[in-house]
Every structure is written in structure tokens, then in C-alpha cells.
Amino acid sequence: MRTVVVTPTYNERENLEEFVARLRESAPGVHLLVVDDNSPDGTGELADELSRRHPGEISVLHRPCKEGLGRAYVAGFRRVLAAGYEAVVQMDADLSHDPRYLPSLLERIQTADLVLGSRYVRGIAVVHWDFKRLILSKMATRYVQLVTGMPFTDATGGFKCWRREALEAIDLNGLFSNGYLFQIETTYKAWRRGLRIAEVPIIFYERNLGRSKMDLRIISEAVWGVIRLRLRG
């Protein structure tokens, strides 16, 4: 399957070059689209340089401003669907999603419509999180399961692989979420449409460089947004 990784970036200059090197080593032949929201640290310029170094493998979508994770992903999805890719992978550029798990996701997508890289399908597989953050993550997962009815162990994760038909089926124009709720909403819409969803185990690594984009506004959107998802059906 012709495959592309879509990676939104905002101030990821410290991580991007190593991410690209690991991606090319772990999954030769897989392309990369960097969706940069006008990062002030020069991430977009570095992405352009990497694109020139690896023509045909890496492309860059420059957006004028930071509008949130969901808007960046939707813009990237539209670009790669128009380019004819058959499988689309979501990954963070901060190295929390290790590219060495890509072959497992790509193998599983042969018989699924959406594959979730799960931190919890085989217990807990998270590195460098404190106990409070781990409990918060597990509580969020349980909250999503209770409100939506989804059975997945890691519905809040952002390491995913889609068949193009699945992305087309969830209606990108109808998505309302913008922050990390976007990960839940897209999986929920796929589940409600009866698509084949599988989970494969991954180890999640806390970023080593740069700052997390998580804040209270994003958390609030996720809490109330899950209820909104359930009410919309």
C-alpha cells in the first residue's frame, strides 16, 4: 500500500531531523508530510531543507498560523488523499511515537480499516511519566470508554494508521474537535460506522526536547467534547 506519515509540527526543530532519520530507517519507502503551523523556531524551514535532501520522500505543508492539532491534521489528510495515498499514518514529531513500530501498524492495516497504536493493550507501556500523569491518562481512557461505549484500551492515543477509505468515510468536513479530542472523535466516528478497528502494542516515550502542547483549554475541550460526541451519536 502506498503509505504516508502525516506529522503536524509547532516548534519541533530540535526533534524533527532525528525523527526523519528514524522514520527512513524503520520504514523505507514510506513518505512523510510535515504540516507546520508557522513555527517561530524555524521548524518549517528545517522541514523544507529535509525535503530538498530527500526529494520525493518528504513534503511540507505550510499553514499561516497555529490553529490546533485537529485543523492541522485535517489539512494534511486532505493533501495526502488528493495525492492518492492508500494508507495514512498519524505520528507526533517529538519522538514519543517510535517509528520502529510502523511496520507493525502497516502489517495490521492489511486486514483492518484503522489501527491504533496502544500504550495499554498489554498492561502499561509508558516511559518517563510520573505516577500522577499515568493515572490521569488511565482515567481519561476509562472516561472515554464509559461515555462513548468504545472498547479500545487507548482511544486517546495519537499513533494511528488509516486506510484511505476509512478517512473518507468519517467525513473530515464534519469534525468539530480541534485539540487532543480530535484523536477520540475520529476513532469514535470510525467505530460508529462499523469500520474494522484493531490495536497493536507500542511503547510511548515522553518527549526529551521541547515543551508539551497540553494545557487546561485542551483538557477542558476533551472532557466536554466526549459528552458532545455521545449526544451527537
Side-chain angles (χ1 to χ4, degrees), residues 1-10 12-36 43 46-47 49-51 53-54 56-60 69 72-73 76-77 80 85-129 133-134 137-138 141 152-164 166-167 180 183 186-187 196-210 212-213:
M1 300 173 73
R2 188 165 175 249
T3 303
V4 63
V5 171
V6 177
T7 302
T9 56
Y10 187 77
E12 295 292 352
R13 185 180 180 91
E14 294 172 300
N15 297 307
L16 185 60
E17 193 159 7
E18 183 176 353
F19 172 75
V20 167
R22 291 193 194 179
L23 177 64
R24 297 184 72 241
E25 179 181 4
S26 298
V30 170
H31 292 176
L32 172 66
L33 172 65
V34 177
V35 184
D36 187 67
T43 302
L46 175 58
E49 169 60 27
L50 292 168
S51 175
R53 267 189 244 168
H54 308 292
E57 291 184 45
I58 300 173
S59 56
V60 186
L69 182 73
Y73 263 127
F77 289 161
V80 298
Y85 286 97
E86 300 168 286
V88 180
V89 179
Q90 296 178 232
M91 290 182 72
D92 293 343
D94 62 9
L95 302 174
S96 57
H97 297 152
D98 194 329
R100 69 189 173 99
Y101 294 110
L102 258 177
S104 297
L105 270 72
L106 296 178
E107 179 181 359
R108 192 66 182 86
I109 199 64
Q110 302 298 323
T111 55
D113 299 304
L114 167 62
V115 180
L116 310 177
S118 174
R119 299 164 286 187
Y120 306 124
V121 74
R122 292 183 180 170
I124 298 173
V126 178
V127 177
H128 296 150
W129 270 11
R133 185 168 180 185
L134 183 59
S137 175
K138 290 292 289 181
T141 295
F152 312 114
T153 65
D154 197 359
T156 64
F159 195 176
K160 303 159 110 172
C161 182
W162 298 83
R163 281 182 177 265
R164 69 169 293 121
L167 273 181
Y180 286 85
Q183 308 293 8
T186 51
T187 299
R196 300 168 298 170
I197 302 176
E199 292 185 286
V200 299
I202 65 165
I203 297 175
F204 181 90
Y205 299 87
E206 175 61 9
R207 63 161 58 236
N208 291 321
L209 300 171
S212 171
K213 312 302 189 299

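Note that this is a predicted model, so its numbers are computed, not measured.
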So do the side chains of Leu105 and Ile109 get within less than 4.5 Å of each other, counting heavy atoms only?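 No, every pair of side-chain atoms sits at 4.5 Å or beyond.
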Is the closest side-chain heavy-atom distance between His97 and Gln90 below 4.5 Å?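 Not touching, per the 4.5 Å side-chain cut-off.
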Shortest non-hydrogen contact from Thr153 toward Ser118: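 Minimum heavy-atom separation between Thr153 and Ser118: OG1-OG, 2.6 Å.
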Listed partners of [X] passing side chain to side chain donor-acceptor pair (under 3.5 Å), at least two apart:
| X | result |
| --- | --- |
| Glu107 | none |
| Asp113 | Arg196 |
| Thr7 | none |
| Glu18 | Arg22 |

Sub-3.5 Å donor-acceptor pair from the side chain of Asp154 to the main-chain atoms of Arg119, do we have one? yes
For Arg2, does its backbone N or O pair with a side-chain atom of Glu86 as donor and acceptor, under 3.5 Å? yes
Measure the spacing between [atom1] of [X] and [atom2] of [Y] and express it to the nearest 0.5 Å.
| X | Y | atom1 | atom2 | value |
| --- | --- | --- | --- | --- |
| Thr9 | Asp92 | OG1 | CG | 11.0 Å |
| Leu33 | Tyr85 | CG | OH | 8.0 Å |
| Tyr120 | Thr141 | OH | OG1 | 5.5 Å |
| Ser59 | Leu32 | OG | CG | 7.0 Å |

Taking only residues two or more places apart in sequence, or in another chain, which ones meet [X] in a salt bridge (Lys or Arg N to Asp or Glu O under 4.0 Å)?
| X | value |
| --- | --- |
| Glu57 | Arg24 |
| Glu17 | Arg53 |
| Arg163 | none |

Applying side chain to side chain contact (heavy atoms under 4.5 Å, CB included), name anything that partners [X], two or more places apart in sequence or on another chain.
| X | result |
| --- | --- |
| Arg100 | Ser26, Asp98, Ile203, Tyr205 |
| Ala72 | Pro8, Val35, Asp37, Arg63 |
| Thr3 | Met1, Val30, Ala87, Val89, Leu106 |
| Ser104 | none |

Are Phe19 and Met91 close enough, and set up right, to give a side chain to side chain contact (heavy atoms under 4.5 Å, CB included), and what steps lead you there? CA-CA 10 Å; Phe19 172 75; Met91 290 182 72; 3.7 Å; yes
Just jot down the ring-ring contact (aromatic ring centres under 6.0 Å, His included) partners of Tyr73, sequence neighbours excluded, or say none.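 With neighbours one apart ignored, the set is Phe77, Phe182.
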Heavy-atom count check: over 12 atoms from other residues, nucleotides or ligands less than 6.0 Å from Glu25 CD?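 Atom CD in Glu25 is not crowded, with 12 or fewer foreign heavy atoms closer than 6.0 Å.
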